[in-house]
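Only one structure is covered here, and it is reproduced in the block below.
Everything numeric in this text was worked out from a predicted model, so none of it was measured.
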Amino acid sequence: MDYSNLRRQAASMKKSLFDQGYLDEQFCQVEDLQDEASPNFAEEVVTLFFKDSARLISNIEQALEKYPKDFNKWDAYMQQLKGSCSSIGASRMKSECMSFRDYCGQGNIEGCMKSFQKVKREHGVLRQKLEAYFQLLRQAGPAGAATRPAM
């Protein structure tokens, strides 16, 4: 198997994630925390992010269905999700969380609903892309660890 080719593919995929705005510099900082003692640290952090964010999305979904509409609760849940996005560098998802919070501040139910659908869509796309990225890294082996994309 050509491991150097797999590493190039992973680097290209990561650059694409940055170029498309899915990730920001925080993701590189998470990857920088990997070492020989914890070679899969970034993947583990991202896995925890997706587990936690799925729970938060479910909480938001349930809150959106309740009456009366509680914009403060919606905002608090989305603030948690936004913080999680920031911690792994999920830039596009974080941006959509901020839009949702803006709609909450305006008391705009329709805006919140549309924005929440975008948050869920971004979550799903990011999950697919990062799963593919980490799968490539696993195939490439330990030398395929963190490198910053050329900006």
Side-chain angles (χ1 to χ4, degrees), residues 1-64 74-106 108 110-151:
M1 178 159 286
D2 184 1
Y3 295 109
S4 63
N5 186 39
L6 289 172
R7 283 190 280 284
R8 278 193 300 278
Q9 286 178 24
S12 175
M13 183 181 288
K14 181 176 171 180
K15 182 180 183 329
S16 175
L17 290 170
F18 275 82
D19 291 347
Q20 295 172 25
Y22 286 103
L23 299 175
D24 62 26
E25 178 62 24
Q26 181 62 31
F27 184 78
C28 290
Q29 291 178 18
V30 171
E31 283 191 320
D32 285 346
L33 296 172
Q34 291 185 157
D35 58 20
E36 288 152 14
S38 57
N40 300 319
F41 180 77
E43 185 174 7
E44 292 166 7
V45 168
V46 168
T47 299
L48 288 173
F49 163 77
F50 282 115
K51 181 179 178 186
D52 186 53
S53 59
R55 178 187 56 79
L56 287 169
I57 286 171
S58 176
N59 289 347
I60 294 166
E61 221 156 26
Q62 290 171 16
L64 289 174
W74 297 358
D75 186 60
Y77 281 141
M78 194 57 78
Q79 174 63 24
Q80 287 181 327
L81 184 56
K82 182 180 142 260
S84 293
C85 293
S86 293
S87 71
I88 68 153
S91 184
R92 280 174 61 160
M93 205 174 146
K94 179 180 100 175
S95 178
E96 204 50 59
C97 289
M98 290 169 32
S99 293
F100 179 96
R101 295 190 69 220
D102 288 344
Y103 287 123
C104 279
Q106 299 164 13
N108 182 337
E110 186 177 324
C112 286
M113 297 299 186
K114 285 181 180 177
S115 183
F116 182 61
Q117 292 309 313
K118 289 180 183 176
V119 167
K120 290 195 320 185
R121 191 168 40 254
E122 289 295 337
H123 183 263
V125 169
L126 183 64
R127 178 179 222 142
Q128 279 185 314
K129 289 181 180 287
L130 285 177
E131 283 174 354
Y133 170 70
F134 286 117
Q135 181 178 358
L136 258 179
L137 282 183
R138 283 191 304 275
Q139 291 171 352
T147 55
R148 280 185 166 55
M151 304 270 174

Can you name the closest pair of heavy atoms from [X] and [Y] and give their distance?
X	Y	result
Lys94	Ser86	CD-OG, 2.9 Å
Gln20	Ser16	NE2-OG, 2.7 Å
Met113	Leu64	CE-O, 3.8 Å
Gln34	Asn40	OE1-C, 3.7 Å
Ser91	Asp24	CB-OD2, 3.9 Å
Leu56	Tyr77	CD2-O, 4.4 Å

Task: Backbone N/O of Cys112 and side chain of Ser115: donor-acceptor pair under 3.5 Å - done: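 Answer holds: no.
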
Open item on the list: Tell me if a side-chain donor or acceptor on Gln26 pairs with a main-chain N or O of Ile88 at a distance below 3.5 Å.
Closed with: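 No; zero donor-acceptor contacts below 3.5 Å.
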
TODO: Take the angle between the ring planes of Phe134 and Phe27 and call it parallel below 30°, perpendicular above 60°, tilted in between.
DONE: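 Tilted, since the angle between the ring planes falls between 30° and 60°.
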
Open item on the list: Which label fits His123 and Phe49: parallel for a plane angle under 30°, tilted from 30 to 60°, or perpendicular past 60°?
Closed with: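 Rings of His123 and Phe49: tilted, as their planes differ by 30° to 60°.
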
Task: Check against side chain to side chain contact (heavy atoms under 4.5 Å, CB included), Leu130 and Glu43 - done: CA-CA 9 Å; Leu130 285 177; Glu43 185 174 7; over 6 Å; no

- [ ] Output yes when Glu122 and Lys118 qualify as a salt bridge under the 4.0 Å nitrogen-oxygen rule, no when they do not.
- [x]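 Salt bridge absent between Glu122 and Lys118.
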
Open item on the list: What verdict does the salt bridge (charged side-chain N to carboxylate O under 4.0 Å, His left out) test give for Arg121 and Glu96, after you've listed the backbone C-alpha separation in whole Å, the side-chain angles of each residue and the deciding distance to 0.1 Å?
Closed with: CA-CA 10 Å; Arg121 191 168 40 254; Glu96 204 50 59; over 6 Å; no

Quick one: pull up [atom1] in [X] and [atom2] in [Y] and give me the separation to the nearest 0.5 Å.
X	Y	atom1	atom2	result
Met93	Met98	CE	CE	13.5 Å
Ser58	Lys120	OG	NZ	9.5 Å
Lys15	Leu23	NZ	CG	13.0 Å
Asp52	Thr47	CG	OG1	12.5 Å
Ser53	Gln80	OG	CD	12.0 Å
Asn5	Gln139	CG	CD	11.0 Å

Open item on the list: Checking Asn108 against Glu110 for the side chain to side chain contact (heavy atoms under 4.5 Å, CB included) test, could you report, in this order, the C-alpha distance in whole Å, the side-chain angles of both residues, the deciding distance, and whether it holds?
Closed with: CA-CA 6 Å; Asn108 182 337; Glu110 186 177 324; 3.8 Å; yes

TODO: Applying side chain to side chain contact (heavy atoms under 4.5 Å, CB included), run through Trp74 and Phe116 and close with a yes or a no.
DONE: CA-CA 10 Å; Trp74 297 358; Phe116 182 61; over 6 Å; no

Task: Minimum side-chain heavy-atom gap Arg7-Leu136 below 4.5 Å - done: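 Side-chain contact under 4.5 Å: no.
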
Open item on the list: With heavy-atom distances below 4.5 Å as the criterion, would you say the side chains of Phe41 and Val30 are in contact?
Closed with: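 Of all side-chain heavy-atom pairs linking Val30 with Phe41, at least one is under 4.5 Å.
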
- [ ] Mind running side chain to side chain contact (heavy atoms under 4.5 Å, CB included) on Ile60 and Met78 for me, showing each step along the way?
- [x] CA-CA 7 Å; Ile60 294 166; Met78 194 57 78; 3.7 Å; yes

Task: Tyr22 OH: over 12 foreign heavy atoms closer than 6.0 Å - done: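 More than 12 heavy atoms, drawn from other residues, nucleotides or ligands, come within 6.0 Å of this atom.
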
